[in-house]
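Have a look at the structure below before the remarks.
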Amino acid sequence: MTDYLAWAADEAAMIAAFELLGVWRDGALVTTGRSTAGATWAIDYFRDWPAPTGETTPGLGGELVPVMAAKPGVYALLRWLPADGEGSPPPPPGITLTTPLPDDCPRRWAD
């Protein structure tokens, strides 16, 4: 089983990739399933990845806290358990798949 971070430039590209993978049906994301080859997958489409801008602002208690803004693009987690003899998930056009997950990834699967 391998976890991937999926990135697309915008939501339209991510949805187009989901459609090619067969996980976007009738206007909704199917979050778990099996590929035609038998791989088991799960997707967590979390869209925005907040990151510090380098600026700070006073928090509720008066302490300085980082100002956050979304990184460019949209994001999803993909957990992929290949079937026997099957490798990595097929990366659809417009999507970048990265593994292992970056240390600062704001979402993780529970183990």
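Looking only at distances, no side-chain donor or acceptor of Thr32 sits under 3.5 Å from a matching main-chain atom of Ala42. Side chain of Trp7 to backbone of Pro72: a donor-acceptor contact under 3.5 angstrom is found. Remark: the backbone N or O of Thr53 is not paired with any side-chain donor or acceptor of Glu55 at under 3.5 angstrom.
Hydrophobic clustering keeps Val23 apart from Leu77 (ILVMFWY residues linked when any side-chain heavy atoms are closer than 4.5 Å, directly or through intermediates). In the hydrophobic clustering of ILVMFWY residues, with side-chain heavy atoms under 4.5 Å counting as a link, Ile15 and Leu29 come out together. With hydrophobic clusters built from ILVMFWY side chains whose heavy atoms lie under 4.5 angstrom apart, Tyr75 does not share a cluster with Met68. Ile43 and Leu20 sit in two unconnected hydrophobic clusters of ILVMFWY residues. Membership requires side-chain heavy atoms under 4.5 Å apart, directly or through other members. The hydrophobic cluster containing Met14 also contains Tyr4, counting ILVMFWY residues as joined when their side-chain heavy atoms lie under 4.5 angstrom apart, directly or transitively.
Within the 4.5 Å cutoff, the side chain of Thr2 has no heavy atoms near those of the Ser88 side chain. Counting heavy atoms from C-beta outward, Pro92 and Phe18 have side chains that stay 4.5 Å or more apart. Residues Glu11 and Tyr45 form a side-chain contact, since some pair of their non-hydrogen atoms from C-beta on lies under 4.5 Å apart. By the 4.5 Å heavy-atom criterion applied to side chains, Thr57 and Val65 are counted as neighbours.
Scanning both residues, Ala8 and Ile95, for their nearest heavy atoms gives CB-CD1, 3.5 Å. Across all non-hydrogen atoms, the minimal contact from Leu101 to Arg108 is CB-NH1, 3.3 Å. Contact record, Thr56 with Val67: C-CG2, 3.8 Å, taken as the closest heavy-atom pair. Taking all atoms of both residues into account, the shortest heavy-atom contact from Asp10 to Ala13 is OD1-N, 2.8 Å. For the residue pair Ala83 and Gly38, the shortest heavy atom distance occurs at CB-C, 3.6 Å. Nearest heavy atom pair, residue Thr31 against residue Trp41, reads C-CZ3, 3.5 Å.
Separating the CH2 atom in Trp80 from the OG1 atom in Thr40 is a distance of 9.0 Å, to the nearest 0.5 Å.
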